[in-house]
Asks: 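Right, I'll just put the structure down here and ask away after.
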Amino acid sequence: MADPVTITTILGNLKVAIDIAKAIRESDVSIERAELKLRLAEMIGALADAKLEVIEVQELLAEKDKQLSELEQAFQSKDALVKHYDAYYEVGPNGGAVGEPLCAHCWQVRHRKYHLASEPRDNFVRVCISCGHKYSSRHVPKLTAEASAGDA
Ligand SMILES: [Zn+2]
């Protein structure tokens, strides 16, 4: 992968093009046709490089926009979960925890919702499918009925 393009690189190429244009303008009227063509070719090259670099920056900005909107989405859903014992849960109609337990570590650190899976070799352990954090089954129950808001 190429080095990430920087604004400095783009400005450098634009400066080259501008300097060539200035040199042509300020040069003697008797500038050789061949010399003029060579200078124009250099200028076109510098402008073409700058154009490609601007496209790269545009793609980079689009990528950043995408990351920003993902973060905004995570931030917006921040209040959509409630802690109950050791895990986080969706909020029920009365403000209490309900449904499948979600990994508290992943939620608190990365604002990502990951369900806990049963540990095949140990019925008393539930494990996060993403970070592998282990929870005691008793402290991360599946809540078929909404727990009241004040519980745990
Ligand atoms: Zn996790």
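Each ligand, and each atom within it, is numbered from 1 in the order the structure gives.
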Asks: Given SG of Cys131 on one side and SG of Cys128 on the other, what angle do they make at the Zn ion (ligand 1), to 10°?
Replies: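 It rounds to 110°.
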
Asks: Following the transitive rule for hydrophobic clusters with a side-chain heavy-atom cut-off under 4.5 Å over Ile, Leu, Val, Met, Phe, Trp and Tyr, establish whether Leu71 and Leu60 coincide in one cluster.
Replies: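 Per the 4.5 Å side-chain linkage, Leu71 and Leu60 are not co-clustered.
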
Asks: The Zn ion (ligand 1) to His105: any N/O/S contact under 2.8 Å?
Replies: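 It does not; every qualifying atom lies at 2.8 Å or beyond.
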
Asks: Under 3.5 Å, side chain of Lys15 to main-chain N/O of Ala17, donor-acceptor pair present?
Replies: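 No, the answer is negative, given that no donor and acceptor are paired below the 3.5 Å cut-off.
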
Asks: Could you tell me whether Arg126 and Glu100 make a salt bridge, using a distance below 4.0 angstrom between a side-chain N and a carboxylate O?
Replies: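 Looking at Arg126 and Glu100, the cut-off is met.
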
Asks: Rounding to 10°, state the angle centred on the Zn ion (ligand 1) that links SG in Cys103 with SG in Cys106.
Replies: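 Seen from the Zn ion (ligand 1), SG and SG are separated by roughly 120°.
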
Asks: Can you tell me if Glu119 uses its side chain to pair, donor with acceptor, with the backbone of Val127 under 3.5 Å?
Replies: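 Not a single qualifying donor-acceptor pair exists.
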
Asks: Between His133 and the Zn ion (ligand 1), is there a contact where an N/O/S atom of the residue lies under 2.8 Å from the metal?
Replies: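 No.
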
